[in-house]
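Accompanying notes for the structure given below.
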2 protein chains.
Amino acid sequence: MTQKARGKKTSSGQRREESLSREQIIAAAIELLDTSGENGLTFRALSEQLSTGPGAIYWHITDKGDLLTAACDGIVARTMNAAPIKPNATPQASIRLLALAMFDAMDEHPWVGSALTGARGHSPMVRIVEPIGRQIQALGVPKKQHWITVSTLLNYILGVGGRNAANGQYGRAHGLDRSDFLEAVSAEWLQLDPKEYPFVRSLSVPMRTHDDRRDFLAGIDLILRGIDTSHKRFASKNV
Amino acid sequence: MTQKARGKKTSSGQRREESLSREQIIAAAIELLDTSGENGLTFRALSEQLSTGPGAIYWHITDKGDLLTAACDGIVARTMNAAPIKPNATPQASIRLLALAMFDAMDEHPWVGSALTGARGHSPMVRIVEPIGRQIQALGVPKKQHWITVSTLLNYILGVGGRNAANGQYGRAHGLDRSDFLEAVSAEWLQLDPKEYPFVRSLSVPMRTHDDRRDFLAGIDLILRGIDTSHKRFASKNV
DNA sequence: CACAATTATGGAATGCAGTTCCATATGCGC
DNA sequence: GCGCATATGGAACTGCATTCCATAATTGTG
């Protein structure tokens, strides 16, 4: 109704020479996320980087969740495609390789860990489940157990990713690098009541000195052992 | 909203008869989270429920993250304390029981799953690690492996919690109950390209029919089997 | 070629959230 | 009674996602 004195000319500038595309936007979002962290992705910053307004972005993207999922999906897709699975490797080795690829991706792009958890559609998930699932098949796991076996691996991977993302964010927010952070947590644990938290206190040293990547893999191996023993009756050829 | 005659007197009303306390605030926050979901917790809603202003809350709480962590910690604390561990149960049974208790808590309070991942301090984590760790000790796992063993279990539990929380939120946002949601995802998976996603498509049925709680436990068991076989040389008494 | 209709664009406006500010109250030690 | 630390609560500030809208380019149609 009342058009009160809003500027007469809203769009005075020339139009961009090359049009926006969903892909461009997602690429810019990934760059922003990588350089400025999860909180760095705002429609304002994104607008500026693409020299446009927020409105234009919404023509290609439904909303921020969509954008985040798409960015996450992009990383996961290129990660899984790039994973160099060798045809003659054991299924176990392949699963380790796939899992490590995801770990490294989430380590390099810390926001992926949390984006994955909240991903809207399911395409990122599906991209992970498929190749791992094939190896589980190759492992000879009976069909009835496919579901829980992939679920377990996936949930573990997502758990690690989420936690690393949270730790990283905490560290960055407080200006601590990884070792400062671990040091701080380790100290905090040592100060717990010895009566109530003897076990946690005993973890103070490993907390300070552990290697995330190695331990992630150790967890995968532990789960793989659990899988292996669960269908011994089927395994005819071991490696 | 209606800004009523913002007079010169900012605080005209009487002071509350009983003072606010951190505990009251956290309790109110938990109630809000339970009834209105993760997005229901705002300082405005909280202020109203406590019939005060946002400023008063900030006297007791440093920040929203603090509040969320505290609420989460409250649930975790009561959950772990209430878990009826029997002294003569096997360590495996006790771990299952503890894990299930967490699952049920996260199922009843869906926001806990995501709050746990982003928890600021580490008290909620510590509350889970301690009792599980003791059972791992009781299991005879060598000290060197304590760290990765608890980590694996914890990460798995966090992963499941986070994913359930995300799924629930998605469902609620789209007005789907659990079975509608599973049906939708299952259908989505069936429409994937059979060449590219044969395995995922084969999971379409279990996706539709699975039982979260049962499968969570199956994952725990799978991990427990992996733990068991990793230190056979120590195990003298099995159950 | 004219001329609608559709597709895009981008800047302003909206609304809501976390957080800070500040004018005040209340209790407590002296 | 007086001054100080402890609380309180409402308004104001800031920054965000999202929507609105006046337009510009492009496409289709006679």
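Numbers restart at 1 for each chain; the letters A, B, ... are given by sequence-line order, proteins then strands. Every value quoted in this text rests on a predicted model; they were computed, and no experiment measured them.
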Here the residues of residues 58-75 of chain A within 4.0 Å heavy-atom distance, strictly under, of DNA chain D are Tyr58(A), Asp63(A), Lys64(A)

In whole angstroms, the gap separating P of dG18(C) from CD1 of Ile25(B) amounts to 14 Å

To the nearest angstrom, the CD-C1' distance between Glu48(A) and dG10(C) comes to 14 Å

Nearest heavy-atom approach of Met106(A) to Gly113(A) is SD-CA, 4.0 Å

When rounded to whole Å, the CG to P distance for the pair Asn39(A) and dC16(D) reads 9 Å

Arg22(B) CZ to dA7(D) C1', in whole Å, measures 16 Å

Taken to the nearest whole Å, CD1/Ile57(B) to P/dA17(C) is 14 Å

* To do: Answer yes if the ring centres of His146(B) and Phe199(A) are under 6.0 angstrom apart, and no otherwise.
  => yes

Smallest heavy-atom separation, Ala71(B) atom then Ile26(B) atom, equals CA-CG2, 3.9 Å

Requested in this report: Determine whether any donor atom in the side chain of Arg44(B) lies under 3.5 Å from an acceptor atom in the base of dG18(C), or the reverse, and answer yes or no.
Outcome: yes

note: Gln24(B), atom CD; dG9(D), atom P; distance rounded to Å ~ 11 Å

Minimal heavy-atom distance between Ile148(B) and Asp215(A), with the atoms involved, is CG2-OD1, 3.6 Å

Next on the checklist: Measuring centre to centre across the rings, with the benzene-like ring taken for any Trp, is Phe103(B) within less than 6.0 Å of Phe216(B)?
Outcome noted: yes

Taken to the nearest whole Å, CG/Leu50(A) to P/dG10(C) is 9 Å

From CG of Leu46(B) across to P of dT8(D) the rounded distance in Å is 13 Å

What one should report as the nearest heavy-atom pair of Pro194(A) and Arg201(A) is CA-CD, 3.7 Å

Ranking dG9(D), dG10(C), dG11(C) by distance to the side chain of Pro54(A), first place goes to dG11(C)

